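In what follows, a single structure is set out as structure tokens and then discussed.
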Amino acid sequence: MSSNLTAAGFPTQALTGEMLELDEDDDLEVFSKDVTLTDGSSVSASLPTSPSSMTNQYRFEEESDARDIFVTVDNPESHVTALETFITYRVVTKTTRSDFDSCEYEVRRRYQDFLWLRDRLEETHPTLIVHPLPEKFVMKGMVERFNNDFIETRRKALHKFLCRIAEHSILSCNADFKIFLTAQAWELTSHKKQGPGLLSRMGDTVRAVAASVRGVKNRPEEFVAMQEYVDTFSQRMGSLDKVTQRIFKEMKEYLDDLKQYGPTYVLWSGSEEELVEPLKGVAGCIDKCCQATEEQLSQMSDNLVPLLHEYVLCSDTIKAVLRRRDNIQTEYEAKYDILVNKQADREALTETEDLSIMLGRLLGKVPEEARQQQEQRLHGQIEELKGEVEKLEDKVECANSALKGDWERWQSKMRGDVKAGFVSTAQKNIDYHEKCLAVWESFLTSVNADQSVEKSAGLNS
Amino acid sequence: MADSGGPEAAQLSSNDPKGELGDVIPEEARSLLRKMEISVAEAEKRTGKNAVNMLETYTVYLIETRRVDSSAENQNFSPDSLWRRYSEFELLRNYLLVTYPFVIVPPLPEKRAEFVWHKLSADNMDPDFVERRRIGLENFLLRVASHPILSNDKIFYDFLTEENGWKEEVMETGFQPKLFILADSRLKALNATFRVKNPDKRFTELKHYSDELQSVTSQLLRVRARVADRLYGVYKVHGNYGRVFSEWSAIEREMGDGLQSAGHHMDAYAASIDDILEEEENYADQLKEYLFYAEALKAVCRKHELLQYELETAAQDLMSKKQQREELASGTVRTFSLKGMTSKLFGQETPEQREAKMRVLEEQIQEGEELLQEKKTECDEYVRNAWSDMERFTVQKDRDLREAMISYAVMQISMCKKGIQVWTNAKECFSKM
């Protein structure tokens with residue numbers, strides 16, 4: 001599986017530090033100028049475990065502004081089998097990375113495959129923010145399951161998902177990601193089956209539940225703030241999503257009535273003589289405004305709605321990440337408590353005489369030996385625990401700094417997306433009103449032209 | 001609205017000695033408006049006891065008139081004014097309907113608010129409704145004052161100038177019984193037995209047109225009100241963006257200001273629809289005027305039908321009398337009559353009796369001829385007058401509705417421009433985030 005990661009995630013920490021800084025440079029080029037750099041890395045340089053990742057690191061230092069892997073998702077195709085109908089998407093990868101055998105790959109993947117990839121990424125990097133996938137089913141939405149708009153919206157979301165992975169300095173190096181991009185269908189299927197067994201995953205889940213029941217003791221301030229932010233952010237996104245859907249609904253109803261309005265003017269023109277031109281003119285304007293409204297509606301459902309949806313899902317993702325981080329900390333705290341208890345036991349043993357040893361003395365047993373045995377046993381346990389506690393402590397630190405770094409990254413991407421999305425929405429609204437404006441202005445021009453023609457005709461006659 | 005009349009017209013006519021504006025303002029129309037400016041300046045609520053001694057609240061309108069002397073440079077005559085309520089306007093209009101049946105009498109603004117889109121109040125006491133009614137009443141007076149025939153009517157002049165005693169004056173004209181005849185003609189029109197044998201083709205077409213006009217304008221008003229309702233919804237929901245942006249800005253550092261100010265623009269967008277739709281009500285009122293005009297057109301057609309019917313009846317009566325005379329003279333009974341039967345049964349008449357009968361018949365025929373002539377003249381004159389007013393009306397209608405549609409387009413343009421402005425501002429706020 002992933003060669004970059006040991007149990008404690010130790011080497012990842014080093015890579016995190018270096019790569020995130022470089023990644024920030026990438027971001028600086030594309031997005032806002034005031035992205036704060038990650039504060040994380042007060043980590044001493046450590047040896048990366050594999051030569052290839054070392055090469056990667058060096059390459060990043062040289063080409064800090066260039067991205068070396070590009071992924072696109074396109075060309076949805078429908079497949080019909082005896083059992084089901086499903087859609088596959090073409091995933092094209094272009095890369096100059098040395099750990100890829102070729103520089104171009106083309107595979108077909110279905111939604112399930114994306115789901116699998118995301119699950120694997122989250123398992124491997126529990127405290128990184130992995131971009132969400134579009135929802136499995138769209139409920140009482142504005143689109144039906146297999147119509148073209150739905151497929152196109154999903155395709156765009158899948159494309160964005162893969163791009164975000166490809167842009168992420170850590171996630172893009174993930175082995176499952178590479179297999180996803182490059183493996184043939186049968187290879188992927190067999191690889192999927194090799195995943196961590198059901199039992200070990202169950203074990204993870206049990207631990208997670210136990211940890212969340214216990215609760216974390218001292219959540220660091222910045223994660224408290226993060227939690228508060230995400231809770232509020234999630235509510236706001238939800239509200240915006242609802243408001244936008246409401247606007248869509250109202251506009252649709254407006255359009256339905258507007259479609260009856262124009263024809264009434266045409267009907268009227270049938271009874272008139274002099275007024276035929278202006279009446280038909282008004283009807284024409286209204287019909288053109290109908291068209292503009294249709295276009296506005298479809299672009300709303302193509303752009304703003306999916307964006308807000310996406311960030312509602314993002315909030316859920318971040319909440320899960322925070323929970324997992326908490327669980328990691330809880331695990332460490334639990335182990336630490338056990339260690340402290342054992343150490344207290346040893347203290348007790350050396351300072352005061354154990355009652356049973358006293359009894360043993362009285363009864364003629366050899367107290368010294370028993371005591372020494374117990375002391376040795378405790379000592380062994382304590383040393384082992386110390387090792388485990390240290391590993392868990394590192395795990396917590398890694399998790400925290402990974403999340404901290406990714407948090408800044410996510411925030412800056414979010415701001416970029418939000419800004420672009422709203423600017424585009426505002427522009428589309430401007431375009432809509434400008435279209436309508438042009439329609440009515442040309443009506444005025446033609447009507448006034450008629451009038452002046454009539455006037456001059458009148459004067460001349 | 002009534003741009004063939006109004007204070008501007010009075011001033012126009014004073015600047016137009018050669019009468020080049022003659023085709024815009026008919027010669028006779030300048031007579032009343034030359035002398036005075038008319039306006040309905042104010043509306044007030046009053047409380048008083050009505051006919052059955054019950055307390056009621058009603059609205060009165062202030063009619064201001066001011067003498068305009070076209071020759072004088074300084075027009076600082078102080079205005080005269082009096083208060084009238086809606087029912088008095090109705091009285092005036094009914095009088096005009098009866099007195100000038102061939103005229104397409106301008107309609108009054110609606111008594112109750114109809115074709116209301118949901119946010120607009122349907123309450124007669126609502127200030128916006130009262131205001132629009134004030135404008136409608138003023139428009140009515142200006143239309144009457146610019147009509148070549150109606151503007152010369154004394155009762156109308158007194159309506160504008162005599163506060164007291166006008167009601168008695170108009171009652172004394174005895175128009176009310178005639179009003180019943182008009183109403184009766186409406187009933188007759190529905191009656192299947194009332195049928196005109198040789199309808200005037202032009203009037204038949206006019207009747208069809210008035211039906212079509214009525215049906216299409218009411219449909220248009222209905223659809224417009226629905227569209228206005230929907231548009232209101234769209235704009236108002238945008239106000240929610242303002243609220244959410246404002247709340248969201250509290251947790252954002254970099255984007256906070258941008259979101260907050262964009263939110264203000266969304267609030268402004270939501271608020272702008274109120275004025276837009278308020279203005280559009282004026283357009284609706286212009287359409288409503290012609291909806292009601294259609295009814296006036298129908299009344300003219302009905303009156304014509306009535307006259308035509310009376311003419312045909314008179315002609316028929318005369319013809320049957322003449323036939324009777326012939327039979328009496330020749331002795332043959334071609335038509336069945338009770339007299340004929342009884343004479344057969346009970347014996348013939350004496351020559352003296354026949355003589356007497358003949359004389360009576362001749363008298364009746366003479367009367368009949370005169371009546372027929374009268375009716376014919378009445379009908380011809382009616383047709384002539386009605387047709388002339390119809391032509392005047394058509395010119396006015398075409399001009400007014402064209403203007404209305406132009407002003408509607410102007411309103412739409414203004415609405416689009418406001419939209420562009422707001423979203424451009426919002427875009428700028430977003431760009432600065």
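Computed from a predicted model, the values in this text were never measured in an experiment.
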> What residue, out of T394(B), T424(B), N425(B), I413(B), has the most heavy-atom pairs lying under 4.5 Å from chain A?
Replying inline: I413(B)
> At a heavy-atom separation under 4.5 Å, does S424(A) approach chain B through its side chain, its backbone, both, or neither?
Replying inline: neither
>> Is F443(A) close to chain B through its backbone or its side chain, or both, or neither, when contacts mean heavy atoms under 4.5 Å?
In response: side chain
> By a 4.5 Å heavy-atom criterion (distance strictly below it), what part of Y241(B) contacts chain A: side chain, backbone, both, or neither?
Replying inline: both
> Taking NZ, NE, NH1 and NH2 as the nitrogens, is one of them in D302(A) or K428(A) under 4.0 Å from a carboxylate oxygen of the other?
Replying inline: no
> Who among N448(A), D431(A), L279(A) has the most heavy-atom pairs with chain B under 4.5 Å?
Replying inline: L279(A)
> Between D406(A) and K413(A), is the closest basic N to carboxylate O distance under 4.0 Å?
Replying inline: no
> Does the side chain of Q227(A) pick up a donor-acceptor pair with the side chain of R219(A) at under 3.5 Å?
Replying inline: no
> Quick check, are the ring centers of Y229(A) and W407(A) under 6.0 angstrom apart?
Replying inline: yes
> Which atoms of L221(B) come close to chain A, meaning under 4.5 Å heavy atom to heavy atom: side chain ones, backbone ones, both, or neither?
Replying inline: neither
>> Does any backbone or side-chain atom of L444(A) lie under 4.5 Å from a heavy atom of chain B? Answer side chain, backbone, both or neither.
In response: side chain
>> Can you tell me which portion of Y432(A) sits under 4.5 Å from chain B's heavy atoms? Options are side chain, backbone, both or neither.
In response: neither
> Where on T217(B) is there a heavy atom nearer than 4.5 Å to chain A: the side chain, the backbone, both, or neither?
Replying inline: side chain
> What part of L255(A) gets closer than 4.5 Å to chain B, counting heavy atoms only: side chain, backbone, both or neither?
Replying inline: neither
> Is it the backbone or the side chain of V282(A) that comes under 4.5 Å from a heavy atom of chain B, or both, or neither?
Replying inline: side chain
> For D256(A), is it the side chain, the backbone, both, or neither that has a heavy atom closer than 4.5 Å to a heavy atom of chain B?
Replying inline: neither
>> Let's test your reading of the structure: which of G258(B), S215(B), C416(B) forms the most heavy-atom pairs below 4.5 Å with chain A?
In response: C416(B)
> Has D257(B) got more than 12 heavy atoms of other residues, nucleotides or ligands less than 6.0 Å from its CG?
Replying inline: no
>> Quick check: W248(B) with Y311(A) (ring centres under 6.0 Å apart)?
In response: no
> So what's closer than 4.5 Å to chain A heavy atoms on H238(B): side chain, backbone, both or neither?
Replying inline: both
